[in-house]
Each structure stands twice: as C-alpha cells, then as structure tokens.
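Proteins come first, then strands; the chains are lettered A, B, ... in the order of their sequence lines, and each starts at number 1. Just so we're clear, the structure is a prediction, and the values are computed from it rather than from any experiment.
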Amino acid sequence: MAYWLFKSEPSTWSWDDQVAKGAVGEEWDGVRNYQARNNMRLMALGDLGFFYHSQKEKAVVGIVEVCKTAHPDSTTDDPRWECVDIRAVKPLAQAVTLEQCKADPRLSEMVLVNNTRLSVQPVSQEEWRVICDLGGVDASA
DNA sequence: GCCAACGTTGGC
DNA sequence: GCCAACGTTGGC
C-alpha cells in the first residue's frame, strides 16, 4: 500500500467535483509532467491519496483512492501521457493547511513543502499518519 | 499581480 | 549534449 498526494486548483477541478463523481471516480487527466506521470504509473489499485487544493486554499481537504491504474490520458493523442482514475473516499474533518505542514517538524521532508510545483507526489507512511491525525480522520481510511 | 522555482524546448 | 530562453505553476 502506497500513499500519494494529488494537487488541483479548485477552480479547475475541486474536491466537490470529485465527490460528485461518486464511486465511479474520474480520470486524473491533464498531467503533462514526467515526474507526476511516473508517480501515477507506480500506483496500484486501492492506493490512497490526499486531495490538495492549491492557490487560494492551500490545504489537504480529502482522501481519495486509486480505482483504475495508469492508462492513456483521454484528453490527448500524445501517447506519452497517462493517468489513473481516482474516487473520493471521505473528506478530512478539518482541512490541513500548507502552513500547518510547514510548521510541523515531522513533515519537513514532505514533497509538498519542498517541491511546491509537483502536482502528483508520493507521501510517506509517517506523513500520511501525521496529516490524517491533524485532519481528524482515521489513517486507515 | 508579482516573482521564484522548475521543467521543457530548441539552437548550437 | 549543453545551455540559454521561455513558459507554467503556485506561494506570497
């Protein structure tokens, strides 16, 4: 079981949009970055991820699950780009802000803190546990 | 709205 | 294969 973080601008694709897709889930398409794509290729069915709102909110707001492994991105003909499908699992009781992550020494190595621009990131088990704790949810989802 | 960080592109 | 130029992202 691996953990991930998916970053999105709420104006483009928000947590509410994700929830509206229900158990069917939705393609995490539009990624045009090799590192992000490579991370998606590593994902397995049932892997869990955080849903992060960038820009104004800058906070982890929910938990998602990978419901389809990497496949060609339907929004482009370019075979280089692949994506996974994810579905909403549950929201955090309390959003965990970027500010909180930066302030917590246990999260000082987090990709979110150190590489703000990567849109699909790995999250360590420890980081997962800490953020679930801060967010007021069960880390086992 | 600005700017820093980073990734990609293309000329050499 | 290197590196400068450019475009994009995202925090502030």
Side-chain angles (χ1 to χ4, degrees), chain A residues 1-139 141:
Chain A
M1 164 75 77
Y3 301 105
W4 309 95
L5 183 143
F6 297 86
K7 193 184 297 183
S8 183
E9 296 180 33
S11 57
T12 306
W13 183 253
S14 72
W15 171 250
D16 287 342
D17 293 328
Q18 186 68 52
V19 169
K21 287 290 172 178
V24 179
E26 175 74 359
E27 277 192 355
W28 195 260
D29 56 32
V31 171
R32 302 291 183 266
N33 171 285
Y34 291 105
Q35 263 184 283
R37 184 207 62 190
N38 292 343
N39 285 333
M40 289 199 285
R41 281 181 174 171
L42 293 172
M43 293 180 190
L45 277 183
D47 276 0
L48 297 174
F50 288 127
F51 193 106
Y52 177 85
H53 277 168
S54 64
Q55 311 257 105
K56 193 170 183 213
E57 204 174 338
K58 287 170 293 178
V60 175
V61 294
I63 291 177
V64 294
E65 178 184 8
V66 175
C67 60
K68 192 173 183 182
T69 52
H71 57 85
D73 185 331
S74 68
T75 62
T76 177
D77 290 331
D78 192 328
R80 289 179 300 171
W81 305 118
E82 299 176 14
C83 61
V84 297
D85 289 12
I86 60 174
R87 65 177 183 85
V89 174
K90 62 182 176 187
L92 298 193
Q94 262 179 276
V96 177
T97 65
L98 178 63
E99 198 180 5
Q100 280 176 277
C101 294
K102 284 186 167 177
D104 196 314
R106 295 171 297 176
L107 300 175
S108 63
E109 298 298 314
M110 224 186 144
V111 182
L112 184 66
V113 173
N114 296 299
N115 183 359
T116 55
R117 296 193 51 209
L118 185 58
S119 61
V120 179
Q121 325 177 347
V123 173
S124 76
Q125 190 166 3
E126 169 71 2
E127 288 157 1
W128 182 266
R129 202 186 56 71
V130 169
I131 290 174
C132 284
D133 195 37
L134 293 171
V137 294
D138 184 350

Checklist entry - At under 4.0 Å between heavy atoms, what does A:Lys102 touch on the DNA or RNA strands: base, sugar-phosphate, or nothing? => result sugar-phosphate
Checklist entry - Rounding to a whole Å, what distance do you find between A:Gln55:CD and C:dT9:C1'? => result 8 Å
Item to check | Residues A:Glu82 and A:Arg41 bridged, charged N to O under 4.0 Å | outcome: yes
Checklist entry - Touch check for A:Leu98, heavy atoms < 4.0 angstrom, all strands: base, sugar-phosphate only, or nothing? => result sugar-phosphate
Next on the checklist: In the structure I gave you, are the side-chain heavy atoms of A:Val130 and A:Gln100 within less than 4.5 Å of one another anywhere?
Outcome noted: no
Checklist entry - What one-letter contact string describes nucleotides 3-8 of chain C from 5' to 3', where B marks a base within less than 4.0 Å of any protein heavy atom, S marks contact via sugar-phosphate atoms alone, and - marks no contact? => result ----BB
Item to check | Interatomic distance, A:Met110 CE vs C:dG11 P [rounded to whole Å] | outcome: 12 Å
Next on the checklist: Test of understanding: with side-chain hydrogen bond (donor to acceptor under 3.5 Å, both in side chains), list the residues that count as partners of A:Trp15, not counting sequence neighbours.
Outcome noted: none
Checklist entry - When the distance from NZ of A:Lys58 to P of C:dT9 is rounded to whole Å, what number comes out? => result 18 Å
Item to check | Nucleotide C:dG10, atom P - distance to CD of A:Glu99 in whole Å | outcome: 19 Å
Checklist entry - Would you say the side-chain atoms of A:Ser11 and A:Gln55 include a donor-acceptor pair closer than 3.5 Å? => result no
Next on the checklist: Output the rounded distance in Å from CD (A:Glu9) to P (C:dG10).
Outcome noted: 6 Å
Next on the checklist: Salt bridge check, A:Lys102 against A:Glu99: does any charged N sit closer than 4.0 Å to a carboxylate O?
Outcome noted: no
Item to check | Whole-Å distance separating the CG atom of A:Leu112 from the P atom of C:dG11 | outcome: 7 Å
Item to check | Within-4.5 Å side-chain heavy-atom neighbours: A:Leu48 and A:Trp128 | outcome: yes
